[in-house]
Every structure is written in C-alpha cells, then in structure tokens.
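The structure appears right after this line, and notes come after that.
Count residues from 1 along the sequence. This is a predicted model, so every value here is computed, not measured. Indexing begins at 1, ligand by ligand and atom by atom, following the structure's order.
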Amino acid sequence: MESTAGRWLAPGRVNLIGEHTDYNDGFVLPMALPLGVTCTAGVRGDGMVRLRSRQRAAEPIETSTAALDVSGWSELPEWSHYALGVLREFTRRGYEVPGVELDLDGTVPIGAGLSSSAALSCSVAIALRDLFAPSLSAAEIIDIARTAENVYVGVPTGVLDQSAAILCTAGHVLFLDVRTGEHEQIPFDLERFGLELLVVDTGTPHRLVDGEYARRRTECATAAEELDVPFLRDVTSPDLVERLRDPVLRRRARHVVTENARVRTVAEQLRTGGDPRTIGPTLTAGHHSLRDDYEVSAPPLDTAVETATAAGAYGARMVGGGFGGSVIALVDRENTPNVIHAIRKTFHTNGFKPPRTFAVTPAAGAHRLRDHE
Ligand code: GLA
C-alpha cells in the first residue's frame with residue numbers, strides 16, 4: 001500500500017423491530033452488532049483504485065478512478081460493486097479521489113440477514129470521507145452508501161441498514177423516523193435484567209436480488225396510491241387498510257401499518273426504562289405479521305421462532321429482508337443454553353442445517369479505529 005492512512009470499521013445490525021417499514025417512510029429500531037467490516041485505506045496519487053477483500057482473496061480489483069463508470073462492471077464480482085459504487089458516488093458528487101487502496105476484512109456472516117453489505121459500503125464510505133471529503137454529513141454518507149446498493153448493485157433497499165451502521169451507538173437501540181431523519185438513542189441494557197439477545201443464523205441463504213423484495217416495494221407503493229396517501233406511513237389506522245379490495249395488497253399494507261405501531265410501542269416500553277421482557281410479545285407479533293401478511297418468512301425462521309418461544313424466550317422474530325437469514329430471541333441469560341439446545345434439536349429433526357447461534361449486545365456505529373484496535 002502506497003501510504004496506509006488508517007483503518008475504519010462499520011458494523012452489521014439486527015433490527016429489534018420495524019421490518020419493511022423503511023421504504024414506506026416509517027419507523028425502525030435497529031442496533032449495531034459487535035461484528036463488522038474493516039476497511040484499511042491508503043491514498044494513491046496515480047489515479048488507480050486497488051480493492052481487495054480478505055474473504056475473496058482470489059479476486060483483487062484494479063481499475064482507474066477515471067474508469068469508474070459502470071460499463072465493464074458486469075465482469076467484476078458483485079461484492080466489489082458495493083465499494084466501487086461508493087467511490088463512484090463520491091466522484092459523481094464532486095469529491096475528488098486521486099487514487100486509493102482499499103483492503104476489506106469482515107466478520108459479519110454473508111447472507112445471514114445481518115447487513116454485511118451495508119457494513120462493507122459504509123466502511124468504505126467513512127474511509128473516503130475522512131480521506132477526501134471531511135465535511136460530508138452523516139445523512140450524505142447514508143445516502144451515498146444506499147445509492148451504491150440501489151444503483152450499482154441493483155437492490156432497491158431502504159435506508160435501515162446504512163442508517164444503523166452509521167448512526168447506532170453502543171448500549172442503545174436507534175429509534176429512527178425515516179421520513180424526517182430524526183433519531184433517538186434509547187438505552188438497551190439487557191445485562192442489568194439478566195437477559196440476552198440471541199441471534200440464530202439459520203444458514204438459509206437470504207438474497208434480496210431475486211425480485212421478491214422489489215415486488216414488496218411495488219405492492220406497498222400501489223397500496224399507498226389506492227389509499228390516496230404518499231406512503232403507507234401515512235395510514236394511521238389499520239381499519240383504513242380494509243378499504244383495499246385486493247387481498248394481497250390488504251395484507252401487505254396491514255403488515256406495514258401494524259409494524260409501524262409495534263416500533264412505537266417497543267420504543268416507548270424501552271424509553272421508560274422498564275423491564276425489557278415486556279417487549280417480547282410485540283416482537284413475536286411482528287414475526288407473525290411478516291409470516292402471514294407480508295409473506296417473507298421461511299420454514300427454518302418460523303421453526304426457530306416457535307421453538308425459542310416454546311423453550312421460554314420472551315419474544316422472537318426474523319430480522320432483515322427475509323426469505324432466509326437470521327432470527328433474534330429475547331431470553332433469560334441462564335435459559336440461553338436450553339433455548340439453543342431446543343433449536344438445534346428441532347432443526348435436526350426437520351432436516352435443516354445446524355444453525356449458528358450467538359448472543360449480541362448493542363455495539364458502536366461506524367468509526368475510525370485507533371492503532372491498537
Ligand atoms: C433489507 C433492506 C432494508 C430493509 C429490510 C427490511 O435489510 O436492506 O432496507 O428494507 O430489508 O426491513
């Protein structure tokens with residue numbers, strides 16, 4: 001590397017509640033994971049971009065900053081589009097990048113619904129900001145990382161993952177109003193109550209690029225139009241949804257409207273500092289809504305949720321876009337081994353892959369690492 005300027009880290013996330021609400025201008029409540037992507041970056045003066053990922057050691061990318069238009073990208077591996085998309089957005093928005101080396105290394109499991117892609121794009125975005133555009137605001141960074149994914153990878157995501165990676169703080173969940181960008185850090189101290197948030201990665205690949213995610217977005221836009229509101233966020237009562245004649249649109253809209261209400265309920269329960277066990281039933285209700293109304297769950301996710309709650313979890317739900325990926329479960333710390341054992345056993349009986357399980361606490365959002373970190 002010509003000159004190593006530093007290392008930056010952006011985390012993955014789990015969303016406590018508020019799934020498929022972000023692109024409906026609604027509310028979300030994510031927290032950052034103690035897993036992330038680090039970007040070691042150095043400035044070059046020769047107009048070249050060198051990009052490497054420890055996870056894809058055989059695929060180093062070398063291109064020139066001048067050649068950062070999308071023609072020819074189809075030859076490049078998909079993971080590189082996230083980083084090159086961020087770079088391209090910097091130059092397209094007028095920030096000069098004279099050349100750069102980017103070395104990526106990640107601990108967020110890929111395809112687990114824990115936002116490894118936003119961790120990647122956000123780690124690159126904050127490295128480029130600190131090196132070439134220090135005046136960029138958090139909102140612009142989020143927009144750049146989201147645009148990279150929407151335009152250069154071709155997945156029409158909302159801002160949940162990028163906002164979580166940039167705005168979350170240790171020990172808190174982030175209550176974000178996507179419409180206004182207003183956000184609040186709400187303490188989420190499970191240890192004090194003898195609790196743990198268990199992540200169950202079902203190992204069922206979750207892919208948003210396959211079209212179902214985009215279809216849900218279109219269905220929501222159509223439902224909003226038929227209800228004569230700009231976004232489903234503007235539907236304030238679930239009763240209004242019953243006006244939709246198409247039963248599919250009715251179910252989709254019902255999920256979004258009730259999910260926004262669930263985010264506010266959980267935020268309020270946590271804000272008042274009471275026992276987090278009280279949020280459990282709302283988390284599970286959110287899962288049922290994703291399963292029945294939004295139809296984005298999958299058998300291993302449903303099985304993990306049912307088994308966890310039967311084994312004593314206070315609440316459990318799938319996280320992220322769906323169709324695979326991970327489940328979270330709120331459990332008493334001393335009951336965690338029992339819940340894990342029950343899930344492993346049921347997965348085995350059902351012929352599902354052995355799941356990967358780990359407990360998480362809310363970690364810090366994207367930042368530059370100090371030398372010893
Ligand atoms: C994916 C997308 C997010 C959000 C979630 C569902 O993670 O990237 O923008 O829509 O799905 O809540």
At less than 4.0 angstrom from any non-hydrogen atom of [X], what atoms of ligand 1 do you find?
{"X": "Thr157", "result": "2 (C), 8 (O), 9 (O)"}
{"X": "Gly320", "result": "6 (C), 11 (O)"}
{"X": "Tyr23", "result": "10 (O)"}
{"X": "Gly158", "result": "9 (O)"}

Is the closest basic N to carboxylate O distance between [X] and [Y] below 4.0 Å?
{"X": "Arg243", "Y": "Asp228", "answer": "no"}
{"X": "Asp22", "Y": "Arg146", "answer": "no"}
{"X": "Asp177", "Y": "Arg179", "answer": "no"}
{"X": "Arg233", "Y": "Asp25", "answer": "no"}
{"X": "Asp293", "Y": "Arg252", "answer": "no"}

Using distance alone, determine whether Tyr213 and ligand 1 share an N or O pair under 3.5 Å.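 Between Tyr213 and ligand 1, an N or O pair is found under 3.5 Å apart.
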His20 N/O to ligand 1 N/O under 3.5 Å: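 N/O-N/O distance under 3.5 Å: yes.
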Applying a 4.0 Å heavy-atom criterion (strictly less than), which segment of Arg13 is in contact with ligand 1: side chain, backbone, both, or neither?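 The answer is the side chain of Arg13.
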Could you work out, for atom 3 (C) of ligand 1, the closest of Val296, Asp22, Thr21 by heavy-atom distance?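 It is Asp22 whose heavy atom sits nearest to atom 3 (C) of ligand 1.
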Using distance alone, with no hydrogens and no angle criterion, decide if Glu89 and Thr147 have a side-chain donor and acceptor under 3.5 Å apart.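 Not at all, the side chains of Glu89 and Thr147 share no donor-acceptor pair under 3.5 Å.
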